[in-house]
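In what follows, a single structure is set out as structure tokens and then discussed.
Side-chain atoms are counted along with the backbone in the values below, which use heavy atoms only and exclude waters and symmetry mates.
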Amino acid sequence: MEERVRNTIISEPSLFIRLFRGFSRFLRRIFASTTTKTDSTKNFLTGVPVLLDQDNDQILQRKRHLAEIVSMGHQAYPNRFDRTHTISRIIEQYHSYAGKKDEADLQRSNVELKVAEGGQVRVAGRIMTRRLMGKAAFAHLSDGLNQLQIYLRKNDVGESGWELYQKLDLGDWIGVTGFLFITKTGELSLHVTGIQFLAKALLPMPDKYHGVHDKELRYRQRYVDLIASSAAQELLPGELTTREVFEKRAQVIREIRRFFDDRGYVEVETPMLSPLATGAAARPFVTHHYALDIDLYARIAPELYLKRLIAGGFEKVYEINRNFRNEGLSYKHNPEFTMLEWYQAYSDYIELMDLTEELIKMLVDKVSGTRQVPYLDQTIDFNNWQRLTMRDAVLKYWPEETTRPTLEGLMDRKRLEEAAAAIDLSCDPKLNDGQMLGEIFERIVEPHLINPTFITEFPTELSPLSKQKHEDPRFVERFELFIANMEIANAFSELNDPVEQRRRFEEQMRLRERGDEEAMIMDEDYIRALSYGMPPTGGEGIGIDRLVMILTNQRSIRDVILFPHMRPESK
RNA sequence: GGGCCGUUAGCUCAGUAGGUAGAGCAUCUGGCUUUUAACCAGAGGGUCGCAGGUUCGAGCCCUGCACGGCUCACCA
């Protein structure tokens, strides 16, 4: 206290005091360095120890409260609570009563509400806010998606109920009984007559207004993010809470299933662990099966298994599940990601383009509710779809008139090298022509592809599983769909000629020998399947995470994956 | 892997030229029976990411490390 007063008077300590402080700090350092630091117990399986033993005043207070609640005769962690409604259901059913109104209106509403549901509403949730006023109190209960205000008076809940309420902390779970009413300020609320303790929050809640901003905390402890973002008051208009993002993600997957089920596709599951990592170009995760004593790979794509099913007579199949690629992380790459893949007999890539447009428009309508979807600082127009060949796209977006290559030049080695030089793109000389065109495309075109754009006519070298165009075998019948500068879908008329397929695999193996680690691996059993005959088939994959990013306006793939991969916590 | 930025109370954030670390929420004590980022009066709470260094003295300057973010590269 005295220190504080002095502080306001003496703006700068005297030289003597400064010297003394410096010396005492020096002494402390000496002593500190002689005591060996106890190594905190590291547990690499569970990360850092939970902080429950820390002497944080708030944690101690909460433990004390729990003990007191138990000593009052309540169960610490009761087994169930029977609700008449979820909070969201109450809001949905009765929100129309809310809003500021005059005395007479308010009375009329409250007379009606008092007897609604027989005057006995039972809801449960987490305490998000608390406002105590002597012998009455308000609080908000959350079911994770919505909040309902509750109102308690000592008279109504009795001595024991009131005493219990005093021992509750933000974050605790309770169940309450009561009747609905509208407050003076117009908020739909529950007038509590009975209260039951359901579970304790021993750790303090994040800031009730700002929520959690620390990205690391949000990704590592998603549960905290979910709690905090459902309560945060500072969301921008249209911005979704974390919970809402994942509700929408679930909706996307639900609607995709409905879309394909309704059209007669069969949902199948193919191996996630397989002896060969093939069907895409990527580095796999390896694991080991002890009983069989073989290495297994987490799949990088389900593609070849799904086409085996077409060869086996399924006409339409789809699968939604995880793929694993042992590569770098970025805002659009997570080591495991969710892929939709489907295959349909008697079909080709043109038909798939139409179907894709139909599917994605349906999802946009259901999830976004508008075809003008805001994404970051731009707007994606889902009424404006383009189809461009890869070469036409390069020519279209070529930055400079004088160096623009010709259509045929984009298939000529020398011209390709000139073109790459003109845009300052240094290409590995080991690349083949098709790979070079691909690199140029990425550099020149991708940054422009905001609205949905199908890029067609891929070089054959880039597409070992696609069927060539009859009129020009240098290219295959393939497209990729780009939205918001991201590859969202990849599809082609499936190569079903086993002899040609073997030749393509062999070409890939040669690339591999030349050091291209991502070249595709030969799959003999797949060739055998094709040798029994596969009908003409169209197949496609859609990256669900990226699609959800766009539909929920999220900047990073980590914002649409509940538990994204992070370096383990340490220390 | 390169570059830039960040790491301060449970949470959100300030922090002066290097001179005893601050605010709001949360917590504690008291008051308040329709409040709502409740309010009023008071109080407690920090190894300033970690480890070194420079200095009489470091949250601040230097070096290294850890974790994270953005970005480029690699990579579909």
Subject >> A:R558 and A:N334: CA distance, side-chain angles, deciding distance, side-chain hydrogen bond (donor to acceptor under 3.5 Å, both in side chains) verdict >> reply: CA-CA 8 Å; A:R558 294 183 156 183; A:N334 194 61; 5.0 Å; no
**OP:** Determine, step by step, whether A:Q147 and A:R126 satisfy the side-chain hydrogen bond (donor to acceptor under 3.5 Å, both in side chains) criterion, reporting the C-alpha distance in whole Å, the side-chain angles of both residues, the deciding distance to 0.1 Å, and the verdict.
**Re:** CA-CA 9 Å; A:Q147 298 194 7; A:R126 187 194 285 277; over 6 Å; no
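At a threshold of 4.0 angstrom between heavy atoms, the contacts of A:E487 include nucleobase atoms, whether or not backbone atoms are also involved. Note on A:R478: a base of the nucleic acid sits closer than 4.0 angstrom, heavy atoms only. Among the heavy atoms of the strands lying under 4.0 Å from A:R558 are primed sugar atoms or P, OP1, OP2 only; no base atom is included. Residue contacts shown for A:F181 include a base, since a base heavy atom lies under 4.0 Å away. Residue contacts shown for A:H191 are absent, as no nucleic acid heavy atom lies under 4.0 Å away. Heavy atoms of A:R62 sit nowhere under 4.0 angstrom from any nucleic acid atom. Counting non-hydrogen atoms under 4.0 angstrom, A:K154 reaches nothing in the nucleic acid.
The line from CG of A:L547 to CE of A:M486 is 9.0 Å long, rounded to the nearest 0.5 Å. Summarising the geometry, atom CD belonging to A:Q61 is positioned 11.0 Å from atom CG belonging to A:N56; distances are rounded to the nearest 0.5 Å.
The distance between atom CZ of A:R218 and atom P of B:C11, rounded to the nearest whole Å, is 15 Å. For the pair A:K215 NZ and B:G68 P, the computed distance is 14 Å after rounding to whole Å. Across the protein-nucleic acid pair, A:E187 atom CD and B:A38 atom P stand 11 Å apart, rounded to whole Å. Here the C1' atom of nucleotide B:G68 and the CD atom of A:E216 are 5 Å apart, to the nearest Å. If you measure from atom OH of A:Y331 to atom P of B:C74, you get 14 Å, rounded to the nearest angstrom. In this structure, A:H565 atom NE2 and B:G69 atom C1' are separated by 19 Å, rounded to whole Å. Taking atom CZ of residue A:R64 and atom P of nucleotide B:U29, one finds them 9 Å apart after rounding to whole Å. Taking atom CD1 of residue A:I182 and atom P of nucleotide B:U34, one finds them 17 Å apart after rounding to whole Å.
For A:R567, a side-chain nitrogen or oxygen approaches OP1 or OP2 of B:G68 to under 4.0 Å. Side-chain N/O atoms of A:K208 include none lying less than 4.0 angstrom from OP1 or OP2 on B:C11. Dashed line: the shortest gap from a side-chain N or O of A:Q61 to OP1 or OP2 of B:C28 is under 4.0 Å. Regarding contacts with the backbone of B:U35, every side-chain N or O of A:R131 stays at 4.0 angstrom or more from both OP1 and OP2. Of the side-chain N and O atoms in A:R220, one or more sit less than 4.0 angstrom from OP1 or OP2 of B:G68.
Pair assignment for B:C32 gives none, since no Watson-Crick or G-U wobble pairing has each distance under 3.5 Å. Across all strands shown, B:U7 forms a Watson-Crick or G-U wobble pair with B:A66, both key distances being under 3.5 Å. The base-pairing partner of B:C60, taking Watson-Crick or G-U wobble contacts with both distances under 3.5 Å, does not exist among the strands shown.
Using atom P as the reference point in both B:U63 and B:G45, the two lie 36 Å apart (nearest Å). Using P as the reference atom, B:U8 and B:C48 are 11 Å apart when rounded to the nearest Å. One C1' atom belongs to B:G46, the other to B:U27, and the distance between them is 15 Å to the nearest Å. Nucleotides B:U54 and B:C4, compared at atom C1', are 26 Å apart to the nearest Å. Atom C1' of B:C60 sits at a distance of 12 Å from the matching atom of B:G19, rounded to the whole Å. Spacing between B:C65 and B:U55 at atom P, rounded to whole Å, works out to 23 Å. Separation of the C1' atoms belonging to B:A26 and B:G44 is 13 Å when rounded to the nearest angstrom. Across B:A51 and B:C56, the matching C1' atoms stand 23 Å from one another, rounded to whole Å.
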Write down the protein N/O and nucleotide N/O pairs, taken from nucleotides 12-14 of chain B, whose separation is under 3.5 Å; answer none if there are no such pairs.
unit_1: B:U12; atom_1: OP1; unit_2: A:H213; atom_2: N; d: 3.0
unit_1: B:U12; atom_1: OP1; unit_2: A:D214; atom_2: N; d: 3.1
unit_1: B:U12; atom_1: O3'; unit_2: A:H213; atom_2: ND1; d: 2.7
unit_1: B:C13; atom_1: OP1; unit_2: A:H213; atom_2: ND1; d: 2.5

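Less than 6.0 angstrom separates the ring centroid of A:Y151 from the ring centroid of A:F181. Ring centroid separation for the pair A:Y397 and A:F441 does not come in under the 6.0 Å cut-off.
Remark on RNA chain B: of its neighbouring residues A:P206 and A:A282, the 5'-side contact belongs to A:P206, judged by nearest-heavy-atom nucleotide.
Among the candidates A:K200, A:K63, A:K167, the single residue satisfying the salt bridge (charged side-chain N to carboxylate O under 4.0 Å, His left out) test with A:E68 is A:K167.
In terms of polar N and O atoms assigned as donor or acceptor, the side chain of A:Q149 comes within less than 3.5 Å of the base of B:U35 in a complementary pairing. At a cut-off of 3.5 angstrom, the base of B:G45 holds no donor-acceptor pair with the side chain of A:D57.
Residue pairs satisfying the salt bridge (charged side-chain N to carboxylate O under 4.0 Å, His left out) criterion with at least one member in residues 216-226 of chain A, sequence neighbours excluded, are listed as follows: A:E216-A:R220, A:R218-A:D225, A:R222-A:D225.
The side chain to side chain donor-acceptor pair (under 3.5 Å) test applied to A:S556 returns no partner, not counting sequence neighbours. Contacts of A:F505 classified as ring pair (Phe, Tyr, Trp, His ring centres under 6.0 Å), with partners at least two apart in sequence or in another chain: none.
Contacts with RNA chain B (heavy atom under 4.0 Å) in residues 155-174 of chain A: A:N155, A:L170, listed by number. Taking a 4.0 Å limit (strictly below) on heavy-atom distances, residues 135-143 of chain A reaches RNA chain B at A:K135, A:A136, A:F138, A:H140.
For CZ of A:R322, the number of neighbouring non-hydrogen atoms (other residues, nucleotides, ligands) closer than 6.0 Å is 12 at most.
Counting only distance, with no hydrogens or angles, the side chain of A:D143 and the backbone of A:S88 share a donor-acceptor pair below 3.5 Å.
Note that A:R130 lies in the cation-pi zone of A:Y165, set by a 6.0 Å cut-off to the ring centre and a 45° limit from the axis.
Side-chain contact check for A:I300 versus A:N323: every heavy-atom pair is 4.5 Å or farther apart.
Nearest approach of A:T356 to A:L481, heavy atoms of both residues: CG2-CD2, 3.9 Å.
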